[in-house]
Amino acid sequence: MRIAILGAMVEEIEPILIGLDPALSPQSSLNEIVANTKHIRVQTIANNRYFQAHYKGHEVIVAYSKIGKVYASLSASVLIEHFKADLLLFSGVAGAINEQLHIGDLVVATKLCQHDLDITAFGHPYGYVPEGKVYVESSEHLRLLAKEVAKQKGLKLYEGVIATGDQFIADPKKKEWIKNTFKADALEMEGAAVAVVCDAYDVPFFILRSISDAADMDASFDFDEFLKSSSKISADFIIAMLDKIIQ
Ligand code: ADE
C-alpha cells in the first residue's frame, strides 16, 4: 500500500519522520533528519520536498505543504497524481471552537468546510460554489480505525466539523461567526482543501488535529507556545493509525 502523510508546517511532520525511522534521535530537526537518515529518500516536485520511506513493507510518503489551502491542494494533488497514494492522512494543529476542546486534545474531522468561500452575493450559502458542496466527509472506515486506536491507547478522541480558511483566526467574533455559520468544532488552514482534492480523486482521507489555541485574543501566543507539543501528540497518533492500517 502507498500511504501519504501530509502536514502544513515543518514542525507538524518532523515527529512523523522520526517515527518512521527509529534510528533517528527523537529531537531531530528536518535538516538533521535529511542528513542522518538511511531510510528516507527526498524528492523535490513543484518546488516542494517529498519524503519517501519504506515502513513495515509499505511505502509511506510524507510532506509538509506550507500553510494555506492553495499549497495544501498542490501537495495533496502531487501525493495522489505523482506518488499514487492509496490514502491520505493529515496531521497537525488547530484552533478550538468547541469549548470542550482544550490544548493538546485530539480532534478528527467528520466533515470539512471552507469558511472563507463566499459567493453569497449570488444567493448561495457560505462555503458553497456551484458543482461543489459545503461539507466534504472524511473516510468513515479510517475514522473507525482511529476510534479503535484511541481505545487501545486509552486516549480521548473527539470527532467534529473542521472549518478551513486562509486566515489565522485570533478574534472571538470571527470564531463565533464560523461556529454559528458552519456548526464547526475546530478551525485550521488546510483540511478542507485536502478534503476537496481527495474527494475529487476518490482517495480515502483522514484529518487529525491536536489543539494548539482557542482562536481567541491569545491565539498567536498559544500557537507559538504549543505548536511543537500539539504537533507531536497528533503525529504520535498518526503513527499508531499507520500501524493499525497496515496490520
Ligand atoms: N491553526 C491552529 N490555530 C489556528 C487558528 N487560530 N487559526 C487558523 N488556523 C489555525
Side-chain angles (χ1 to χ4, degrees), residues 5-16 62-76 88-118 126-127 134-136 138 156-197 205-238:
I5 304 179
L6 185 60
M9 300 175 72
V10 67
E11 292 85 349
E12 290 172 327
I13 67 142
E14 280 165 344
I16 286 170
V62 181
Y64 71 99
S65 59
K66 301 188 276 290
I67 294 166
K69 294 194 295 179
V70 174
Y71 284 128
S73 308
L74 175 59
S75 291
L88 191 153
L89 312 176
F90 191 102
S91 181
V93 300
I97 298 178
N98 188 322
E99 277 158 21
Q100 286 191 331
L101 291 172
H102 301 290
I103 285 165
D105 284 349
L106 285 165
V107 58
V108 171
T110 51
K111 55 184 185 176
L112 301 102
C113 58
Q114 298 179 61
H115 67 70
D116 59 349
L117 186 55
D118 179 357
Y126 286 106
V134 176
Y135 296 100
V136 181
S138 65
K156 177 123 184 74
L157 190 63
Y158 293 84
E159 278 196 335
V161 175
I162 290 186
T164 302
D166 283 327
Q167 298 158 357
F168 184 84
I169 307 294
D171 172 3
K173 278 205 199 100
K174 182 83 205 199
K175 169 171 130 170
E176 201 59 22
W177 181 85
I178 294 168
K179 178 184 180 171
N180 295 333
T181 309
F182 297 99
K183 306 283 169 265
D185 298 286
L187 54 84
E188 36 82 311
M189 301 179 69
E190 297 81 21
V194 172
V196 168
V197 171
F205 69 94
F206 176 79
I207 310 276
L208 179 71
R209 298 281 187 170
S210 173
I211 299 302
S212 57
D213 60 86
D216 56 10
M217 308 284 254
D218 299 325
S220 57
F221 176 84
D222 288 342
F223 182 89
D224 284 344
E225 182 76 16
F226 297 108
L227 169 63
K228 263 197 138 173
S229 55
S230 293
S231 290
K232 172 92 168 74
I233 290 167
S234 180
D236 288 348
F237 194 93
I238 287 286

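The chain is numbered in sequence order, starting from 1. Remember, it's 1-based here, ligands and their atoms both numbered in the order they're listed.
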- Message: Check whether Gln114 reaches the backbone of Gly127 with its side chain - one donor and one acceptor, N or O, closer than 3.5 Å.
- Response: no
- Message: Can you report which non-hydrogen protein atom sits closest to atom 7 (N) of ligand 1, along with the distance?
- Response: Ile169 N, 2.9 Å
- So which protein heavy atom does atom 4 (C) of ligand 1 come closest to, and at what separation? Phe168 CE1, 3.4 Å
- May I ask you to decide if Val161's main-chain N or O and Asp185's side chain share a donor-acceptor pair within less than 3.5 Å? yes
- Query: Does even one non-hydrogen atom of Ala94 get within less than 4.0 Å of ligand 1?
  - Reply: yes
- Query: Relative to the ring of Phe237, is the ring of Phe206 parallel (under 30°), tilted (30 to 60°) or perpendicular (over 60°)?
  - Reply: parallel
- Note: ligand 1 atoms sitting under 4.0 Å from heavy atoms of Phe223 are 2 (C), 3 (N)
- Task: Just jot down the ligand 1 atoms closer than 4.0 angstrom to any heavy atom of Glu188, in number order.
- Result: 9 (N), 10 (C)
- For Gly7, does its backbone N or O pair with a side-chain atom of Ser91 as donor and acceptor, under 3.5 Å? no
- Task: Run the numbers for me: atoms of ligand 1, each under 4.0 Å from some heavy atom of Ser212, listed by number.
- Result: 2 (C), 3 (N)
- Item | Min N/O separation Ala215 to ligand 1 under 3.5 Å | no
- Message: Using a 3.5 Å distance criterion without hydrogens, assess whether the side chain of Glu225 forms a donor-acceptor pair with backbone atoms of Phe221.
- Response: no
- Query: Can you find an N or O of Ala219 that's nearer than 3.5 Å to an N or O of ligand 1?
  - Reply: no
- Task: Please name the pair of heavy atoms, one in Gly95 and one in Ile211, separated by the smallest distance, quoted to 0.1 Å.
- Result: C-CD1, 4.2 Å
- Between the main-chain N or O of Phe223 and the side-chain N or O of Asp213, is there a donor-acceptor pair closer than 3.5 Å? no
- Message: With the threshold set at under 4.0 angstrom, would you say Arg209 reaches ligand 1 through any of its heavy atoms?
- Response: no
- Query: Which residue and non-hydrogen atom of the protein lie closest to atom 8 (C) of ligand 1, and at what distance in Å?
  - Reply: Gln167 O, 3.4 Å
- Task: Starting from atom 3 (N) of ligand 1, find the nearest protein heavy-atom neighbour and note its residue, name and distance.
- Result: Asp213 OD2, 2.6 Å
- Can you check whether Ile207 reaches Glu188 side chain to side chain, under 4.5 Å on heavy atoms? yes
